[in-house]
Number of protein chains: 2
Amino acid sequence: MDKSNGQSDRTTVKTSAERGETTRAAILEAAADLIAEMGWGGVSTRAIAERAGVPHGAVSYHFRGKGELLREAALAAIDTLFTEPLPALDNATVDDVIAAAAQWYVQGLTERRQALVVEVMMACTRDEKLRDRFAELLDQYRTMLADVIRAEQERGSIAADIDATALASALIAALDGMLLHTLAAPGYDGARAADALNALVYQRGTR
Amino acid sequence: MDKSNGQSDRTTVKTSAERGETTRAAILEAAADLIAEMGWGGVSTRAIAERAGVPHGAVSYHFRGKGELLREAALAAIDTLFTEPLPALDNATVDDVIAAAAQWYVQGLTERRQALVVEVMMACTRDEKLRDRFAELLDQYRTMLADVIRAEQERGSIAADIDATALASALIAALDGMLLHTLAAPGYDGARAADALNALVYQRGTR
DNA sequence: ATTCGACTTGTCCACATGGACAACTTATGC
DNA sequence: GCATAAGTTGTCCATGTGGACAAGTCGAAT
């Protein structure tokens, strides 16, 4: 992750520790890829190893088991996936958030990395450890969105009599739902749904 | 499905055809259960057979393969799952739909049958046949919701300058997203999010 | 130079999986 | 009655699976 050398290719010889870190990272990334591609339950450690370009035994060495590997890979991937497209949410508006999300869906339709998000949420249903750790992440994002909403309510662009936290919950759900439909149905027009959502949010504010 | 006898127990002897239909139905129901429980990729034909109370070989006999079985089971289950809680949408309001959905989520949190919906949507990502057939269903529901919205717009309870179809898309996504979060995060307050959604939809209408 | 420890690699195993199928039971049409 | 077709059941097999592990490689510390 945070190595200071330019070379990161697995074949480039470095210290043991560095080499280890590199293959470990490769395995994690391959795992995240495959979760999105095949679904949480459709991933095999062998497929992960193959995609990462390492022998199957390397997985056993670096991770305690499949569950731990998937959890770690998924949470790391989601964190970067969420942080990357929303770099500065400080002065953002709900409008920005919705737009960023919508654009992210469209842009990412070719690579299907976003499916990871839904896969993780469904996996949370069956994996308590994952659920606990993901809940933290989620709460964090919900709180951030609620703050954005409150700021806009003070500015008057969003009706003040709507509970900001509840609205944040509804909006996050709506965005994830749009992601879900975008992934599942080829004909789903996410951008148009996003516009409708925008219209709902701002219809009574002083634009 | 449409048998006229009261007895439907598998052990009760009936005609060959009836017995066949019964075990077939048992397999389908077990399959739908297990998809919701274990995830699309986590289901095995053996587990299905065990849950249905039939020997493993029965699955091979009644279905061409695992994929066909899962598809058929999932689509049938979803159809009843959607139709059942919304019996008469004819004179319904958006309010009704949101309320019904929210209540459905809470009620169903113990049995986790709703997870099936999300599992199917994710499976659509990887199964073209399933995607095509599910898209029809989805389109049907979206159209119905759009009609409800238009009716309310004529009555004036929903702002008329919002595109009904787009709003329907956004609302369905929001509801599915709320389902997703309700399933994944134990602390998620779906009812409150539903209220916020309601407030958004009706905030400018003449209640 | 030698030892040491971290990482790698290939192989092994016990087990689950999906699917096929032959041998059976049993209602139904003749 | 009896042949027949539909449904059932147990068993078999090739393949995939997760995990373990011993032998090997190689740089680092002494």
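Quick note on labels: first sequence line is chain A, next is B, and so on, each numbered from 1.
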Checking B:Ile162 against B:Gln153 for the side chain to side chain contact (heavy atoms under 4.5 Å, CB included) test, could you report, in this order, the C-alpha distance in whole Å, the side-chain angles of both residues, the deciding distance, and whether it holds? CA-CA 9 Å; B:Ile162 299 179; B:Gln153 284 178 322; 4.2 Å; yes
List the steps, then state whether side chain to side chain contact (heavy atoms under 4.5 Å, CB included) holds for B:Ile48 with B:Leu70. CA-CA 10 Å; B:Ile48 293 174; B:Leu70 291 193; 4.1 Å; yes
Verify side chain to side chain contact (heavy atoms under 4.5 Å, CB included) between B:Arg51 and B:Ile27, making sure each step is shown before the conclusion. CA-CA 8 Å; B:Arg51 167 98 32 132; B:Ile27 292 173; over 6 Å; no
Roughly, in whole Å, what's the span from CZ in A:Arg24 to P in C:dC7? 10 Å
Does any N or O in the side chain of A:Asp96 come within less than 3.5 Å of the main-chain N or O of A:Thr93, such that one atom is a donor and the other an acceptor? yes
Would you call A:Arg150-A:Asp147 a salt bridge at under 4.0 Å N-O? yes
Assert: residue with more 5' nearest nucleotide on DNA chain D, out of A:Arg64 and A:Gly42, is A:Gly42
Where the side chain of A:Ser44 is defined as all heavy atoms beyond and including C-beta, which of C:dG18, D:dT17, D:dG7 is the nearest nucleotide? D:dT17
So what does A:Ser60 hit on the nucleic acid, given a heavy-atom distance under 4.0 Å: a base, only sugar-phosphate, or nothing? base
Quick one: do B:Arg142 and B:Asp139 make a salt bridge, cutoff under 4.0 Å? yes
Review item, nucleotides 10-12 of chain C N/O atoms under 3.5 Å of protein N/O:
none

Grab the CD-C1' distance between B:Glu50 and C:dT17 for me, whole Å please. 14 Å
